[in-house]
Amino acid sequence: MTTERIRILDDEGNLINTDLEPKIPKTKLKKAFETMVLLRLIDEKGIKLQRQGKVSFHIFTRGQEAHVAAALALNDEDWIYPAYREHGLALYRGYPLEDLVNHLFANIKDKHKGRRLPGLFGSKDHNFVNPSAPIGTQVIQAAGTGYGMKIRGENTVSTVFFGDGATSSNDFHSGMNFGAVTKSPVIYICQNNQWAISVPLKYQTAADSIVDKAIGYGMNGLQIDGNDFLAFYVAVSQARERAVRGDGPTLIESVTYRVGPHTSSDDPSVYRSEEEVKLWEKKDPINRFEKYLISKQVLKNGDRDKLTKKYDDELNRLIDEAAKLPKFGLETLFDDVFEEMPEFLERQKAEILQYKED
Amino acid sequence: MTTERIRILDDEGNLINTDLEPKIPKTKLKKAFETMVLLRLIDEKGIKLQRQGKVSFHIFTRGQEAHVAAALALNDEDWIYPAYREHGLALYRGYPLEDLVNHLFANIKDKHKGRRLPGLFGSKDHNFVNPSAPIGTQVIQAAGTGYGMKIRGENTVSTVFFGDGATSSNDFHSGMNFGAVTKSPVIYICQNNQWAISVPLKYQTAADSIVDKAIGYGMNGLQIDGNDFLAFYVAVSQARERAVRGDGPTLIESVTYRVGPHTSSDDPSVYRSEEEVKLWEKKDPINRFEKYLISKQVLKNGDRDKLTKKYDDELNRLIDEAAKLPKFGLETLFDDVFEEMPEFLERQKAEILQYKED
Amino acid sequence: MVDTNIVGAINMALKEEMERDNNVVILGEDIGKDGGVFRATQGLIDKFGRDRVLDTPLSESGIIGFATGLALYGVRAIAEIQFVDFIWPAADQIISEVAKFRYRSGGEYTCPMVIRSPYGGGVKGAHYHSQSPESIFAHTAGLKIVIPSNPFDAKGLLISAIRDSDPVLFLEPKRIYRAFTEEVPEDDYTVPLGKANVVKEGTDLTLVSYGSMLHVTLEAASLAEDEGISCEVIDLRSIVPLDLDTIGMSVMKTGRFISVTEAPKTSGFSAELSALVAENWIEYMEAPILRVTGYDTPFPLTLESFYLPTPKRVLDNIKKSVSF
Amino acid sequence: MVDTNIVGAINMALKEEMERDNNVVILGEDIGKDGGVFRATQGLIDKFGRDRVLDTPLSESGIIGFATGLALYGVRAIAEIQFVDFIWPAADQIISEVAKFRYRSGGEYTCPMVIRSPYGGGVKGAHYHSQSPESIFAHTAGLKIVIPSNPFDAKGLLISAIRDSDPVLFLEPKRIYRAFTEEVPEDDYTVPLGKANVVKEGTDLTLVSYGSMLHVTLEAASLAEDEGISCEVIDLRSIVPLDLDTIGMSVMKTGRFISVTEAPKTSGFSAELSALVAENWIEYMEAPILRVTGYDTPFPLTLESFYLPTPKRVLDNIKKSVSF
Ligand SMILES: Cc1ncc(C[n+]2csc(CCOP(=O)(O)OP(=O)(O)O)c2C)c(N)n1
Ligand SMILES: Cc1ncc(C[n+]2csc(CCOP(=O)(O)OP(=O)(O)O)c2C)c(N)n1
Ligand SMILES: [Mg+2]
Ligand SMILES: [Mg+2]
């Protein structure tokens, strides 16, 4: 049933579809590449910090870095509902690396006030919505936001990311359906990385492809090689155009792979083979994009190493600083439950403050 | 996208597809017709009783009586999860009319002990599962039962009915998905009667047809004229064969129409036109089936009136008897919460029994 | 002033708020042409159009999740759940999302919205058209829960809820939707969330209730009066935030406490009320702290008049308390 | 006898019951090759195969609805919800279906199944890997709710739950999954549902808890002992059905009562316990009936050690009670 998979770069990064090759300014291409390199490094640092007991948890983006392309295809005013492996979109939009590091440490400078698991962050300034942990809930929320844009007559779109596992969730279903019925400007992007923790795609759905699910909602569908930065860009651009034109939402299936463990708590060797991982490592999105950029003279050989070194230094510095900062104080425990603190919370707060020194 | 709609009888009841015409023993055809006539009469009586204040509520099957065909295509050991407009399946399987009437009156002979809204009944003896009211929940339950049949190696199937509105529910999604992934012997039958109370199909889904939803689950799909008894029979038979062969589930979209109000509480004149109803009344499933049966010499002109008279008498008698019976006593309020009554319920029971005479 | 019942008052509040602020949108099943199965939204689609009066697909999870996306974006959404018994498909959106957005984002994202839903028994609705789940949502930090008992409060509380910065679950006592009318101002007024109403003053015993049970409670109080027992009756109006001071003032005066709620007894909101009294004012109590509630069974049909608290059953508990 | 922890004991119970009865099937996310994210189902897929150890799609609603269909059909399903925080998508199946099937069908259809799920804080899990929703399900008539506090009980209670004729929500205190080991019989034994365990006898004050909070409570009791206060500590083991007699015997003796639970305070199960004591034994009470609980906020991360009841906080409440 599946429509053709969009590929512009082959597994080695050679341009194989010049017709579709998008025209992206070099500065943007470069910035995208930098963001992807940075993501790779954040994974390395993150898991090290977790192993050292300095942060409590790490979520990997490794292998799925091509998602950064969406940030180029979208406008900054477009809303993004991430799942939890889309750090690149926030970073590309200018979310400060310092904020991310402080968030990982859940320290006093963490915008979420030390309340979230590291990696589950959002930023209102960047229209990058704070995700929860329950899988799939953001899909329908994104549809609601898209509807808001529609009835206000804005030229923006609402974009949502979710995994292959999430397609089984209740709110994938409601989210796809509500978006399609109301013809709202929504882009649904499934990062089909073949696994939901230890559950392989074949136990998740019997469909030939996830993109086939679009049909049952009367929605446009596109399938892309999710490790192909250019294909990712083209699909999101097409979907965006369609959405702002008033032609309704699109489901994009990005076929990719979760190269790392699910999270720092996971041991994938229990349930999948090294060979499979190896196979996909060969299709690495950063390597492919790098080759393309070199061919386009956006990058030179050696640039990547320099970049890595630069970010490594910067991250080390930020980490050192972040590690020194204290956590939020006990007096903040009752903030933000409601806009104004009701009396019963004032009483609970008074009680707990007795234990401040413990 | 939609596959071809199966039709064997045209809107007038003429045979238009002899290739597909099923071979069904005359006795069964006759019994099916009788059941359909009975259903029509139950609607008439039910709403009258409700208007008279003798029963609290009525749910109509009018216009959707062709569902009785499924009872012929299935074996009696196959499980049926009805929505709430499939009374015909229970009746065809031998659920006593007397039980139904007593259930409507929620009297002391009601198998559900006077606990359910009239029309929400099941019967374990007839593998006809007691439905709830929350829409869609039975879809995944039917999948679970199908899986049970599969792992026990039985040659039975699990069949579930639901409306077009129900396709938006969470458990349509989980039910379709779990059934397909486990390749369980399940038949999903959507009675697409064009309305969910006042919400028309176009506000329910943007899909071209409900049967298109099968694709996204990797499931076989069939669309039928749901007012065509023979098409209904053929589709369920095909789906059943496939299921017991181990080839997995089928979604059948039965395109039909809710000719009556949603329930006795509903006034459809507020939200839909008389013309639309009239149009569909011309495609009446009983009339079409009658014409076919007369052409096959299973029935004669005038048989239907005689049947109606017979059932009218029987129903009147049963209603008179049912109306005389008392309700379940207060001492039964705490039965069946658990298998054995725990102490705390014994205490609550003792308390309430003080009020028995009030 | 118009003479209207609770449904009428709700319809007024919705209409006026939608007129006042075109950023207010309502959504739910059958709320458009049908005007809602209880007619609470009657006429609104004609006045405000489908964009702002959205008949949704049959998915409560969808309704609340969609409203959440609207709320985050800055649109004020009022979602209707046709019967609160059907709220469970939306439990994840309400409990995991709506209630926690402000907190989890450190105050960046907020989720002000109203979830309106008819609740409660007494309408021959059986298992799935009769339940009262307020205590479950009261246990969910971040939600406000409002339950009016009369048309005046219904309108004033609903307007407050719509203008509130936090998510509000607004439970409507369907049993008394049309039970009586009263004068309701046609213009804009609010009844504040978190302030209880002392409906009747008394000296011997404190009765606390809300929603449709308030009327059962009042009847019981009047029966008790006939027997020379003076009951103070408090209508909570909102259970989160709860007006603990008003309860405290009353029990310090009366020394006796009974709450009347229709949900099943175990872990019902009556338990919370008893616990609050027992932890704060036990030294004033002259009798057991009692609850008159529904029972720990699914909601019945033919036996619902026994299942629900009755004036008689409340009265017996009043007598038990005063004769302790 | 084997020396094992709570996860180990649960794994033993599952394995033994699946060996004993091939009608027992388990299902959930990652319970197969992965052996569950906490390893509670480790090794079972190799022993019993995918038919009986079913890795499901990512849908809690699906897991419970599928288990319901199995239960109705006569297969004994044990469903795992990976973290109880993720149970909400299944709320409708649990509350509307599982809990009510027996009642609504007049006893024709029954729904015996076990829903296993890790619950509770203390593992740096933040909002969505830390919650304790037991009171919500306690409010749902038709469910039994079991919460073990040690390996011996975990195995014996789980076996009872699997063999029970009614649906059981079996909440596993993940904070103490691996906190300690003890001797657990290798063979078949059961711990009955609905019988509390008096873990420590005492005369001055009754402390009631369950699950991981039981250990906090015991520590507090031992601190109190140091100060000359004798606490009786009761481990409820199941909250529905509740062993009210054991609580009653204790409070009639001590005249003082504190419950310790980690869920938010408002409408938590502690409220039910306070209410029961206040309605049944107030005349014995010599002090306010107290609750030590989590607070009415979403579950925090860096501040969780303050949020959760601590021995110190329980001790302060003990002192408050005895010095009243
Ligand atoms: C409702 C819910 N159920 C279970 C979990 C536990 N869980 C966290 S991530 C995950 C797998 C998600 O898979 P997928 O959607 O494919 O995303 P991926 O991690 O592969 O990017 C599971 C089961 C959860 N967070 N929420
Ligand atoms: C979860 C849930 N939400 C809302 C309702 C109220 N309700 C009862 S029937 C119905 C419409 C059902 O439509 P459909 O599935 O098409 O079945 P039909 O009545 O047309 O046969 C609605 C909204 C319900 N019963 N359950
Ligand atoms: Mg995945
Ligand atoms: Mg319909």
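Please read these numbers as outputs of a predicted model, since none were measured by experiment. FYI, side chains are in, hydrogens and waters are out, and symmetry mates aren't considered; it's all heavy atoms of this structure.
With a 4.5 angstrom heavy-atom cutoff, C/Lys312 touches chain B via backbone and side-chain atoms both. With a 4.5 Å cut-off on non-hydrogen atoms, B/Ile135 touches chain C through its side chain but not through its backbone. Heavy atoms of C/Phe86 lying under 4.5 Å from chain B belong exclusively to its side chain. For B/Phe57, no part sits under 4.5 Å from any heavy atom of chain C, backbone or side chain. With a 4.5 angstrom heavy-atom cutoff, B/Ile352 touches chain C via backbone and side-chain atoms both. Of the two parts of C/Thr56, only the backbone, made up of N, CA, C and O, holds a non-hydrogen atom closer than 4.5 Å to a non-hydrogen atom of chain B. Within the 4.5 angstrom heavy-atom criterion, only side-chain atoms of C/Gln82, from C-beta onward, approach chain B. Both the backbone and the side chain of C/Arg313 come within contact range of chain B, each with at least one heavy atom under 4.5 Å from a heavy atom of that chain. For B/Lys356, the part sitting under 4.5 Å from any heavy atom of chain C is the backbone (N, CA, C, O) and nothing else.
With values rounded to the nearest 0.5 angstrom, B/Lys202 atom NZ is found 10.5 Å from C/Asp55 atom CG. Rounding to the nearest 0.5 angstrom, the gap separating the CG atom in C/Leu303 from the CZ atom in B/Phe334 is 9.5 Å.
Applying the 6.0 Å contact sphere to NZ of C/Lys33 captures no more than 12 heavy atoms from other residues, nucleotides or ligands. When the shell of 6.0 Å around CD of B/Glu340 is examined, it contains 12 or fewer heavy atoms from other residues, nucleotides or ligands.
Looking at heavy atoms from C-beta onward, B/Val337 lies in side-chain contact with C/Pro298 at the 4.5 angstrom threshold. Between B/Ser265 and C/Val37 there is no side-chain heavy-atom pair separated by less than 4.5 Å. B/Pro134 has its side chain within reach of C/Tyr128: a pair of non-hydrogen atoms, C-beta onward, lies under 4.5 Å apart.
A donor-acceptor pair under 3.5 Å is absent between the side-chain atoms of C/Asp34 and the main chain of B/Ser198, judged by distance alone.
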- Message: Let's go through C/Leu58 and B/Gln204 carefully: what are the C-alpha distance in whole Å and the side-chain angles of both, what is the deciding distance for side chain to side chain contact (heavy atoms under 4.5 Å, CB included) to 0.1 Å, and is it a yes or a no?
- Response: CA-CA 7 Å; C/Leu58 206 167; B/Gln204 199 65 246; 3.6 Å; yes
- With side chain to side chain contact (heavy atoms under 4.5 Å, CB included) as the test, would you mind laying out the steps for C/Lys265 and B/Phe344 before giving the verdict? CA-CA 11 Å; C/Lys265 184 175 188 182; B/Phe344 75 105; over 6 Å; no
- Start with the C-alpha distance between C/His127 and B/Leu120, add both sets of side-chain angles, then the distance that settles side chain to side chain contact (heavy atoms under 4.5 Å, CB included), and finish with yes or no. CA-CA 11 Å; C/His127 293 8; B/Leu120 297 175; over 6 Å; no
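Top candidate by heavy-atom pairs under 4.5 Å with chain C, chosen from B/Gly136, B/Gly114, B/Gly329, B/Ser132, is B/Gly114. The choice from B/Ala133, B/Ala166, B/Ala106, B/Pro200 that makes the most heavy-atom pairs within less than 4.5 Å of chain C is B/Ala133. The greatest number of non-hydrogen atom pairs below 4.5 Å with chain C, out of B/Asn107, B/Asp110, B/Leu333, is found for B/Leu333. Comparing C/Thr297, C/Leu54, C/Asp296 by how many heavy-atom pairs each has under 4.5 Å with chain B, the most go to C/Asp296. Chain C forms the most heavy-atom pairs under 4.5 Å with one residue out of B/Lys113, B/Arg116, B/Lys327, B/His262, and that residue is B/Arg116. Ranked by heavy-atom pairs shorter than 4.5 Å toward chain C, the options B/Arg115, B/Gln354, B/Gln348 are led by B/Gln348.
Figure legend: cation-pi geometry between C/Arg50 and B/Tyr203, with NZ or CZ positioned under 6.0 Å from the six-membered ring centre and within 45° of its axis.
Taking every heavy atom of both residues into account, C/Asp30 and B/Ala196 meet most closely at OD1-O, 3.5 Å. Summarising the geometry of B/Ser168 relative to C/Ser59, their closest heavy-atom pair is O-CB, 3.4 Å, with the distance given to 0.1 Å.
Using a 3.5 Å distance cut-off with no hydrogens or angles, the side chains of C/Asp316 and B/Tyr355 do pair a donor with an acceptor.
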